[in-house]
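Atoms within each ligand, like the ligands themselves, are counted from 1 in listed order. One-based numbering along the sequence shown.
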Amino acid sequence: MVEEVDTSVEFAGLTLANPVFTASGTCGYGDELADFVDVNALGGFITKSITLKPRKGNPVPRIVETDSGMLNAIGLANVGLEKFIQEKLPIIEKLTVPVFVNVAGETVEEYVAVAERLSAEKAIAGIELNISCPNVAKGGIAFGTDPKQVSEITSAVKNAVGAKPLMVKLSPAVTDISIIARAAVDAGADALSLVNTFTAMVIDVKARRPVLANSTGGLSGPAIKPIAVYLVNKVYNEVARSRGVPIVGMGGIRNASDATEFIIAGASAAAVGTANFIEPRCAVKIIQGIKKYCISHNITNIKELVGSLGV
Ligand SMILES: Cc1cc2nc3c(=O)[nH]c(=O)nc-3n(C[C@H](O)[C@H](O)[C@H](O)COP(=O)(O)O)c2cc1C
């Protein structure tokens, strides 16, 4: 019987203590969860998307619960680069866990400017490139569905961030996600994260209007998990494994068993999103649960589990 498990993960040049991240937009900038969770116990932390200028986001209502999930149409509401540097960076500087800042924008130039400025900060371990937000009129998902644009934006941002790891976050709303993943890796992505939310709609039948002011929103939570696991496995088999590019898998993870599914499918790490709103401590519990799984399955090193799907 195994007693100790090595949960550390080599991730695009970083060493993570364990394979659990929190997903962008669900834990703010690291301070919001501090009363509930020891953020430093995580493998890594990913911030809410940051854009060059502050954004108010979409009008309310911009969240609605669904069966086994939720729709959000936040629209990248955020404090903007300068306020982030002044007010949020000091919080991040106190964290000991590797922090990825998620970057969004409307033009390639905007992405480059934000990523360049942020990657100059010692406290920021890497950049996550959000080219998959379904809730904005300009930019967002538009960059992430065309391989040519994925290539252009990835190589421009990689040039700007230099040696720091660049993780590209993929949209599930494409015909073949491997084409997009390959475009990102060929253009210099050091890691991939998937999936972002699925564009969806809820209708108020009395009013015969969409519930969200934005009409559509992004579906997240357990409802999307089997599709997300499939997409992670596809990208792992067709792109990431042969190129040695790590994947952060996400979509509906609520417990250690869910996270383990993603790791077996090929993710080097798993990220917890919507579940943080229901149980803020769940990411830390998931770390313990993965350890228990390894012990009961005689796995001494978490790496043995990555991509271990027997078919
Ligand atoms: C309220 C909310 C806000 C989000 N904001 C962002 C964001 O700013 N940037 C981003 O890349 N993804 C954002 N996401 C997507 C999540 O990071 C994640 O990819 C997605 O929700 C799937 O994981 P989950 O089912 O565990 O939530 C957001 C998701 C939710 C629910």
Task: Whether Cys133 lies under 4.0 Å from ligand 1, heavy atom - done: no
TODO: Look at the side chain of Lys225 and the backbone N and O of Arg254, then say whether any donor-acceptor pair between them is shorter than 3.5 Å.
DONE: no
Open item on the list: Any nitrogen or oxygen of Asn130, side chain or backbone, less than 3.5 Å from one on ligand 1?
Closed with: yes
- [ ] Please report which non-hydrogen protein atom sits nearest to atom 21 (O) of ligand 1, along with the residue it belongs to and the distance in Å to one decimal place.
- [x] Ser220 CB, 3.3 Å
- [ ] Would you mind listing which atoms of ligand 1 come within a distance below 4.0 Å of any non-hydrogen atom of Gly252?
- [x] 24 (P), 25 (O), 26 (O)
Task: Closest candidate by heavy atom, reference atom 12 (N) of ligand 1, pool Met250, Lys169, Lys225 - done: Lys169
TODO: Using a strict cut-off of 4.0 Å, indicate which atoms of ligand 1 neighbour a heavy atom of Thr197.
DONE: 20 (C), 21 (O)
Task: Non-hydrogen atom of Ile63 closer than 4.0 Å to ligand 1 - done: no
Open item on the list: Would Val195 count as being in polar contact with ligand 1, using the rule that some N or O on each side must be under 3.5 angstrom apart?
Closed with: yes
TODO: Could you tell me the residue and atom name of the protein heavy atom closest to atom 15 (C) of ligand 1, and the distance to it rounded to 0.1 Å?
DONE: Asn196 OD1, 3.5 Å
Open item on the list: Quick one: does any side-chain atom of Asn40 pair with a main-chain N or O of Thr96 as donor and acceptor, under 3.5 Å?
Closed with: yes
Open item on the list: Would the distance check show the side chain of Asn130 and the main-chain N or O of Cys133 forming a donor-acceptor pair, the cut-off being under 3.5 Å?
Closed with: yes
TODO: Please verify whether a non-hydrogen atom of Ala275 lies at under 4.0 Å from ligand 1.
DONE: no
Task: Flag if over 12 foreign heavy atoms under 6.0 Å of CZ, Arg241 - done: yes
Task: Exercise: do Glu304 and Thr300 side chains pair donor with acceptor under 3.5 Å - done: yes
Task: Option of least heavy-atom distance to atom 28 (C) of ligand 1 (set: Gly273, Ala271, Ser24) - done: Ser24
Open item on the list: Can you tell me if Arg62 has over 12 outside heavy atoms packed within less than 6.0 Å of its CZ?
Closed with: yes
Task: Residue and atom name of the nearest protein heavy atom (relative to atom 11 (O) of ligand 1), distance in Å to one decimal - done: Asn102 ND2, 2.9 Å
TODO: Go through ligand 1 atom by atom and flag the ones less than 4.0 Å from a non-hydrogen atom of Ala23.
DONE: 17 (O)
TODO: Without swapping roles, check the side chain of Lys303 against the backbone of Ser8 for a donor-acceptor pair under 3.5 Å.
DONE: yes
Task: Pick from Asn72, Ile50, Thr51, Val103: the one approaching atom 1 (C) of ligand 1 most closely through a non-hydrogen atom - done: Asn72
TODO: Answer yes if the ring centres of Phe11 and Phe21 are under 6.0 angstrom apart, and no otherwise.
DONE: yes
- [ ] For ligand 1, indicate whether the residue Thr274 contacts it via side chain, backbone, both or neither (heavy-atom separation under 4.0 Å).
- [x] both
Open item on the list: For atom 3 (C) of ligand 1, what's the nearest protein heavy-atom neighbour? Residue, atom name and distance, please.
Closed with: Gly25 O, 3.5 Å
TODO: State whether the shortest distance between N or O atoms of Lys48 and N or O atoms of ligand 1 falls below 3.5 angstrom.
DONE: yes
Task: Asn78 and Ser49 side chains, donor-acceptor separation under 3.5 Å - done: no
- [ ] Verify, without hydrogens or angle tests, whether Asp6 (side chain) and Asn301 (backbone) share a donor-acceptor contact under 3.5 angstrom.
- [x] no
Task: Pairs where residues 29-48 contributes a residue and the test ring pair (Phe, Tyr, Trp, His ring centres under 6.0 Å) is met, not counting sequence neighbours - done: Tyr29-Phe84
